[in-house]
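For reference, the structure discussed in these notes is given below.
In what follows, every chain begins at residue 1, and chains take the letters A, B, ... in the order their sequences are listed.
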There are 2 protein chains.
Amino acid sequence: MAAGAGVSKGTASLALSGADGPSAATRARVADVAARLGYRANRPATLLARRRTHLLGVVMQVRSGYHAELVDHVQAAAEVAGYEMVLSPVTRTHDEERAVTTLLDGRCEALLLLGPELAVRRLEELAARRPVVAVGRRTSARAVDVVRSADDDGVALVVEHLAALGHRELALVGGGSGAIARDRRRGFERAGARTGTRGRLVAGGTTEEAGAAAVRSLLRTPGRADLPTALLAQTDLVALGVLDALADVGLAVPGDVSVTGYDDSPLARLRRVDLTSVDQGAQAQAVAAVTAAVERLDGGRTTRAEVVLGPRLVVRGSSGPPRSAAAGRPRGD
Amino acid sequence: MAAGAGVSKGTASLALSGADGPSAATRARVADVAARLGYRANRPATLLARRRTHLLGVVMQVRSGYHAELVDHVQAAAEVAGYEMVLSPVTRTHDEERAVTTLLDGRCEALLLLGPELAVRRLEELAARRPVVAVGRRTSARAVDVVRSADDDGVALVVEHLAALGHRELALVGGGSGAIARDRRRGFERAGARTGTRGRLVAGGTTEEAGAAAVRSLLRTPGRADLPTALLAQTDLVALGVLDALADVGLAVPGDVSVTGYDDSPLARLRRVDLTSVDQGAQAQAVAAVTAAVERLDGGRTTRAEVVLGPRLVVRGSSGPPRSAAAGRPRGD
DNA sequence: TTGAAAGCGCTAACAA
DNA sequence: TTGTTAGCGCTTTCAA
């Protein structure tokens with residue numbers, strides 16, 4: 001290739017990478033020969049020889065639609081920043097640790113972990129070696145940058161929306177012990193106090209079935225008269241379970257009960273589901289995550305960054321005024 | 001690292017890779033030092049030095065849930081075969097051509113393309129350089145192996161299921177000019193002839209909205225009396241649109257009209273959707289695709305392989321006997 | 001502005 | 001069984 005253009009290997013390398021040195025004429029000649037030969041640099045060789053790789057490693061849950069969306073935007077943001085994204089999926093046979101190891105071995109300069117579930121001490125070990133950004137999840141790991149949306153505010157938006165519709169009895173469905181669940185619970189409680197609504201918590205997991213089970217347990221509770229008029233599910237998937245269980249017992253949504261989800265996943269947008277939900281802003285998170293990594297790599301930042309983005313309420317057909325409120329008001333307001 | 005164990009670099013390399021040569025004692029010592037130092041081989045260097053990379057490149061549509069499922073299984077199958085999977089996602093900023101280029105530059109030994117949309121001549125160019133497997137999509141490209149499920153048989157399964165329920169008037173919704181659509185149409189027509197059902201085609205795309213539009217156009221057709229009693233959507237997503245449009249006009253499913261989808265995506269499994277669909281067997285396709293690649297790489301196969309897997313009907317709540325059949329039979333059969 | 005040469009961290013062939 | 005050596009295909013100094 002270099003021989004074909006009558007220049008040395010080194011000059012060809014400079015010409016192709018666009019570095020300054022070679023004259024315009026040489027540049028053109030090299031580009032020409034390269035194109036004619038279909039020349040492409042050997043990636044491993046380039047990566048080995050270069051001082052820096054400009055590789056951003058991303059660990060994603062391959063089955064997660066939300067992660068897919070993030071990855072899409074990270075890819076774009078990385079390119080703008082002059083980096084290349086390398087994907088390492090968590091699958092049935094490759095857990096998160098393995099995914100991270102693959103990226104490290106591949107000489108990625110920074111790690112973007114989507115919804116990481118690694119132990120805090122492991123995160124800290126990693127962060128000691130290179131920039132680590134946790135996306136979508138709070139972590140106490142020092143030196144790990146965090147990009148997430150304000151889960152408490154997100155739930156608060158929902159509570160305020162429901163309160164404005166006239167709901168007074170709310171229930172938060174789902175939970176668990178994670179940081180996300182904790183934040184959402186806190187937002188729920190504070191917003192409840194602020195809006196004068198009564199809120200209760202109903203245990204539940206993160207699956208459709210868990211949502212359905214939560215509703216069934218709620219219906220078994222004595223004093224059915226003061227059932228909540230609105231159910232806030234912690235994720236869209238849980239909300240689907242809630243919707244199912246309500247349909248099973250003949251309760252209308254939003255007539256008898258309003259239901260909301262969280263994530264604004266493609267599911268929520270389906271007309272058949274039409275779920276009021278909370279958009280966490282995948283693009284903004286992706287951009288912030290790439291920015292955080294690049295700031296450490298090129299900007300010399302060494303202090304911890306925590307970027308908390310504002311969520312956005314997306315109102316759809318699954319939430320409406322409660323029966324009592326509708327009855328108590330003049331028709332057609 | 002080699003120094004630490006008191007052996008040469010070469011011996012250490014052999015010991016770590018498990019090749020035979022080093023004695024058990026040396027092996028242990030090297031493993032020990034490596035573990036203590038947290039030594040990990042530099043991937044680009046390894047890839048550059050090795051004769052073979054044992055890398056299987058996979059191009060996927062990052063937003064596709066079906067591709068995600070395939071990737072999950074490909075990862076597992078590749079590992080069993082002694083290969084490593086490298087993912088190259090198609091995103092908003094990286095088209096399929098770019099995704100392929102990335103894999104080629106990275107010295108992948110074979111390419112698994114999920115639902116490829118590259119031109120036939122481009123596929124042939126690629127296949128001239130290394131094994132290429134098209135997954136889920138027929139192609140006339142010579143030398144490109146194909147792994148797909150029998151789309152005609154899949155639709156035929158649905159037709160037979162509906163015919164057995166008593167349906168006589170069917171409609172296939174969706175289509176387009178692709179190979180997949182063509183196969184499904186053919187299966188629809190042949191199975192229709194075989195089962196004595198009358199089938200019509202309703203144009204439609206591959207989105208939810210297209211499904212809804214198809215139903216609306218069908219309802220505008222004069223002679224509403226002989227509307228089809230069952231609608232076969234070409235994908236689950238299209239089926240969702242169909243379900244919505246039917247609900248809009250107050251037609252019950254499956255009471256008034258039965259609806260079926262295709263893909264058996266997570267969507268179809270949602271209880272709120274509960275869609276009769278066709279499972280294409282992601283795991284079997286993944287295994288077949290990896291096998292095809294490995295046969296060429298290690299088995300010396302040079303003839304084209306086309307693996308056509310049998311789809312599986314998954315009956316759910318969206319299909320049932322037509323009103324007329326139900327009325328014509330004794331109650332409770 | 002260019003060429004020559006060293007070296008990135010490994011593997012693999014060959015000698016010992 | 002082990003050490004030595006020569007690359008793998010690039011990038012990046014340093015001289016010219």
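- Within the 4.0 Å cut-off from OP1 or OP2 of C/dA12, not a single side-chain nitrogen or oxygen of B/Ser13 is found.
- Summarising the geometry, the separation between CG on B/Leu48 and P on C/dG7 is reported as 17 Å, rounded to the nearest angstrom.
- Looking only at atom types and distance, the side chain of B/Asp264 has no donor-acceptor partner in the side chain of B/Tyr66 under 3.5 Å away.
- When the side-chain nitrogen and oxygen atoms of B/Thr46 are compared with OP1 and OP2 of C/dG9, none of them lie within a distance under 4.0 Å.
- Taking the side chain of B/Ser23 as heavy atoms from C-beta on, and the options C/dC10, D/dT1, C/dT1, the nearest nucleotide is D/dT1.
- When the side-chain nitrogen and oxygen atoms of A/Tyr39 are compared with OP1 and OP2 of D/dC10, one or more of them lie within a distance under 4.0 Å.
- The nearest whole Å value for the distance from the CG atom in B/Leu14 to the P atom in D/dT5 is 17 Å.
- When each of B/Arg50 and A/Gly10 is assigned the nucleotide of DNA chain D with its nearest heavy atom, B/Arg50 is the one assigned upstream, toward the 5' end.
- The heavy-atom pair separating B/Arg92 from A/His73 by the smallest distance is NH2-CE1, 3.0 Å.
- Within the 4.0 angstrom heavy-atom criterion, no nucleotide atom of any strand lies near B/Ser17.
- B/Lys9 has its NZ atom 16 Å from the P atom of C/dA13, to the nearest Å.
- With C/dT11, D/dT12, C/dA13 as the choices, the nucleotide that has an atom nearest any side-chain atom of B/Arg51 turns out to be C/dA13.
- Minimum heavy-atom separation, A/Pro44 to B/Arg107: CD-CG, 3.9 Å.
- The side chain of B/Val7 lies closest to D/dG3 when the candidates are D/dG3, D/dT11, C/dA4.
- Sequence order on DNA chain D of the closest nucleotides to B/Ala24 and A/Arg52 puts B/Ala24 first from the 5' end.
- Here C/dG9 is the nucleotide among C/dA4, C/dG9, D/dT12 with the atom lying nearest to any side-chain atom of B/Ala45.
- The residues B/Glu109 and B/Arg52 are annotated as salt-bridged, a charged nitrogen and a carboxylate oxygen being separated by less than 4.0 angstrom.
- Per the geometry, CG belonging to A/Leu47 stands 10 Å off P belonging to D/dT11, to the nearest Å.
- Distance from the side chain of A/Thr11 is smallest for C/dG3 among the nucleotides C/dG3, D/dA6, D/dG9.
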B/Met60 and B/Val90: side-chain contact (heavy atoms from CB on, under 4.5 Å), yes or no, with the steps?
CA-CA 6 Å; B/Met60 79 177 293; B/Val90 173; over 6 Å; no
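- Residue B/Arg43 contributes atom CZ, which lies 17 Å from atom P of D/dG9 at whole-angstrom precision.
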